[in-house]
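Residue numbers start from 1 in every chain, and the chains themselves are labelled A, B, ... in the order their sequence lines are given, proteins ahead of strands.
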Protein chains: 2
Amino acid sequence: MARPLRHNGRTLRHTSQRDAIRDAFTAAGRPLGPREALELARKRVPALGVATVYRAINQWVEAGWLVPVLLPGEPARYEQAGKHHHHHFRCRRCGGVFEVEGCPAGLRKMVPRGFKLESHDLVLAGLCAQCA
Amino acid sequence: MARPLRHNGRTLRHTSQRDAIRDAFTAAGRPLGPREALELARKRVPALGVATVYRAINQWVEAGWLVPVLLPGEPARYEQAGKHHHHHFRCRRCGGVFEVEGCPAGLRKMVPRGFKLESHDLVLAGLCAQCA
DNA sequence: ATAGATGCAAAGGGTTTGCACTTGA
DNA sequence: TCAAGTGCAAACCCTTTGCATCTAT
């Protein structure tokens, strides 16, 4: 049988609140902030507290099940790890964040000589299909 | 003679504290966070309060004299406007932030149909020449 | 039984705001 | 004069932490 997720050597337990939070992330299909995750999970566990959400998220990040999605100027969002490389598009009207496929070309050309490019982060912005 | 900067139709006045804050930005030659600007300006105006710095920065941003430099996962920094379009490279070893010239190609190809692309934000990461 | 999880409330950063007072034009 | 700016403290938002309690294993 499968080994449970671990965090600093501790076993991560299964509880109704964590189930609800986890399902919020798997069902969302888009990066969620702690607040959003809290509100979604509260539909199932109304008494859920903020701290629990933050603790769960932080453990899952360290355990490698979630990855932070950091958009410039905004608090962190999180999404399931293991997706293939992608970037994000932020709608300036509704604030929604969407995944976009592909990658820009010519990144290496931009790197100053002597620098070593290891990763990149791209955020497109404008209007989503709903708001356009 | 030159028209003074304006903000929402109000004239922006000249005071010793604002002079000190402004000079911190012009002298720095790199993006400053509010805290850094405060500390630099306090060398000249020791009694300077945080609120004054935030109010000055926000007015200058709206007046177009400063632009925010937003790096993913970090509080906003600000720099003088008017620089030519550029992006940033952040060194994961020394934490330094560098400007890089140019722009990636093929951004429009990444935009989902129906979406309207208005701007983009790119952060390269890796090792700078010093740390490589 | 007991390590791990929870909720609450307090505490910490960063940023904004209300208010009475000061100051530049 | 008097609108704009200032300092202080309180208020906010987001996130973390201490603690007593609860619960999965």
Could you tell me the separation between the CD1 atom of I57(A) and the C1' atom of dT16(D), rounded to a whole number of Å?
13 Å
Over how many whole Å does the gap from W60(A) atom CH2 to dA5(C) atom P extend?
11 Å
Looking at Q59(A), I'd like to know whether one of its side-chain N or O atoms comes within less than 4.0 Å of OP1 or OP2 on dA5(C).
yes
R77(B) CZ to dT15(C) P, in whole Å, measures 11 Å
Is any N or O donor-acceptor pair between the side chain of R13(A) and the base of dA3(C) shorter than 3.5 Å?
yes
Suppose we call a contact any N or O donor and acceptor under 3.5 Å apart; does that hold for the side chain of R55(A) and the base of dA5(C)?
no
Which residue lies toward the 5' end of DNA chain D, P34(A) or Q17(B), if each is placed at its nearest nucleotide?
Q17(B)
Evaluate the ring planes of F89(B) and F115(A), with Trp represented by its six-membered ring, and classify them as parallel (under 30°), tilted (30 to 60°) or perpendicular (over 60°).
perpendicular
When we call it a touch if two heavy atoms are under 4.0 Å apart, what does A56(A) touch: a base, just sugar-phosphate, or nothing?
nothing
Evaluate side chain to side chain contact (heavy atoms under 4.5 Å, CB included) for T52(B) paired with I21(B), printing each intermediate quantity in order.
CA-CA 9 Å; T52(B) 299; I21(B) 303 168; 4.2 Å; yes
Rounded to whole angstroms, how far apart are CZ on R42(A) and C1' on dT6(C)?
13 Å
Please state whether the phosphate of dG24(C), meaning OP1 or OP2, lies under 4.0 angstrom from any side-chain nitrogen or oxygen of T15(B).
no
On DNA chain C, check which nucleotide each of H14(B) and S16(A) is closest to and give me the residue with the more 5' one.
S16(A)
Residues, nucleotides or ligands: over 12 heavy atoms within 6.0 Å of Q130(B) CD:
no
Between CD of E74(A) and P of dT15(D) the distance, given in whole Å, is 11 Å
Separation of dG7(C) C1' from L38(A) CG (nearest whole Å):
12 Å
Would you indicate, yes or no, if dT16(C) has its OP1 or OP2 atom less than 4.0 angstrom from a side-chain nitrogen or oxygen of N58(B)?
yes
Protein-nucleotide distance (D19(A), atom CG; dT23(D), atom C1'), rounded to Å:
14 Å
Counting just side-chain N and O atoms, does Y54(B) come under 4.0 Å of either OP1 or OP2 of dT15(C)?
yes
Tell me whether E118(B) is salt-bridged to K116(B), with the criterion being a basic N under 4.0 Å from an acidic carboxylate O.
yes
Closest nucleotide among dG7(C), dT17(D), dT15(D) to the A51(A) side chain:
dT17(D)
Any R18(B) side-chain N or O less than 4.0 Å from OP1/OP2 of dT6(D):
yes
Which whole-number value in Å describes the distance from E36(A) CD to dC13(D) P?
17 Å
Which heavy atom of V45(B) sits nearest to which heavy atom of Q17(B), and what is that distance?
CG2-CA, 4.1 Å
